[in-house]
Colleague: 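Mind looking over this structure? Questions follow.
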Amino acid sequence: MSILRVSRMGHPVLRRPAAPVDQARIADPNLQRLVDDMIETMVDYEGIGLAAPQVFHSLRLIVLGDPEADDEEGSIPLTVLFNPEFTAMSEERSAGWEGCLSIPDVRGVASRAVEVEVRGLGRDGQPVEFVARDFFARVLQHEVDHLDGVLFLDRMDDLRTLTYLDEYQRYWLSEDEE
């Protein structure tokens with residue numbers, strides 16, 4: 001496995017829609033190696049999600065979660081999805097702080113659906129469907145946005161919340177934890 005270079009805001013790969021992955025191609029060893037490399041990269045960069053365009057592959061593939069997650073509340077299990085789609089389960093939305101490996105050291109508040117129904121193909125190429133709520137739903141929506149060429153900055157209602165990580169930790173983190 002390898003740690004991959006992460007594309008940064010401004011690179012065209014982050015702003016174009018990614019190509020769907022043919023179900024028959026998912027078992028390809030090169031594509032499975034990409035999944036492994038993306039997981040290793042996400043962990044190394046201390047992220048909670050990563051989309052293929054962020055590692056210069058314009059494919060509809062995301063990885064998210066914690067490879068060592070247990071069943072504790074709030075943890076996101078390691079999830080690999082090809083061609084993911086989601087539908088908001090209600091009109092309920094929540095504003096929350098987000099960051100992005102492609103926009104290092106920056107945070108901002110974006111509004112997302114609180115609960116989404118998710119469909120896609122799992123790592124084995126088989127259809128999967130589940131419901132994600134709260135933080136899991138936020139991360140999933142953030143990563144699917146990458147597949148459509150959308151960054152979390154595009155989802156911000158108020159750019160006045162845009163802040164560097166140091167200032168977020170100094171002034172906003174304790175408020176966010178309440």
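In this chain, residues are counted from 1 in sequence order.
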Colleague: Is there a donor in the side chain of T87 and an acceptor in the side chain of R119, or the other way round, less than 3.5 Å apart?
Modeller: yes

Colleague: Using atom types as modelled and distance alone, determine if a side-chain donor or acceptor of E117 lies under 3.5 Å from a backbone N or O of V131.
Modeller: no

Colleague: Which label fits H11 and F56: parallel for a plane angle under 30°, tilted from 30 to 60°, or perpendicular past 60°?
Modeller: perpendicular

Colleague: I need the Q141 CD to R155 CZ distance, nearest 0.5 Å.
Modeller: 8.5 Å

Colleague: For L4, does its backbone N or O pair with a side-chain atom of T41 as donor and acceptor, under 3.5 Å?
Modeller: yes

Colleague: With distance as the sole test, does T79 use its side chain to make a donor-acceptor pair with the main-chain N or O of G65 at under 3.5 Å?
Modeller: no

Colleague: Can you find a pair of side-chain heavy atoms, one from V114 and one from M89, that are under 4.5 Å apart?
Modeller: no

Colleague: Is the backbone of A113 close enough, under 3.5 Å, to the side chain of R138 for a donor and an acceptor to pair up by distance?
Modeller: no

Colleague: Quick one: CD on E167 to CG on L162, what's the gap to the nearest 0.5 Å?
Modeller: 11.0 Å

Colleague: With sequence neighbours excluded, tell me which residues meet side-chain contact (heavy atoms from CB on, under 4.5 Å) with P12.
Modeller: R16

Colleague: I'd like to know if the side chain of S90 reaches the main chain of E92, judged simply by a donor and an acceptor atom lying under 3.5 Å from each other, with no hydrogens or angles considered.
Modeller: yes

Colleague: Rounded at 0.5 Å granularity, tell me how far CG in D105 sits from CD in Q169.
Modeller: 9.0 Å

Colleague: Once you round to the nearest 0.5 Å, how far does CD1 of I26 lie from CZ of R123?
Modeller: 11.0 Å

Colleague: Can you establish whether the number of heavy atoms outside R8 located under 6.0 Å from its atom CZ is more than 12?
Modeller: no

Colleague: Examine the side chains of R93 and S111 and answer whether a donor and an acceptor come within less than 3.5 Å of each other.
Modeller: yes

Colleague: Hey, are the side chains of I103 and F152 touching, using non-hydrogen atoms and a 4.5 Å cut-off?
Modeller: yes

Colleague: Can you check whether L64 reaches F136 side chain to side chain, under 4.5 Å on heavy atoms?
Modeller: yes

Colleague: Calculate, to the nearest 0.5 Å, the distance between atoms CG and CZ belonging to L121 and R60 respectively.
Modeller: 12.0 Å

Colleague: So how far is it from I39 CD1 to D44 CG, rounded to the nearest 0.5 Å?
Modeller: 13.5 Å

Colleague: Under 3.5 Å, is there a donor on one side chain and an acceptor on the other for S7 and Q54?
Modeller: no

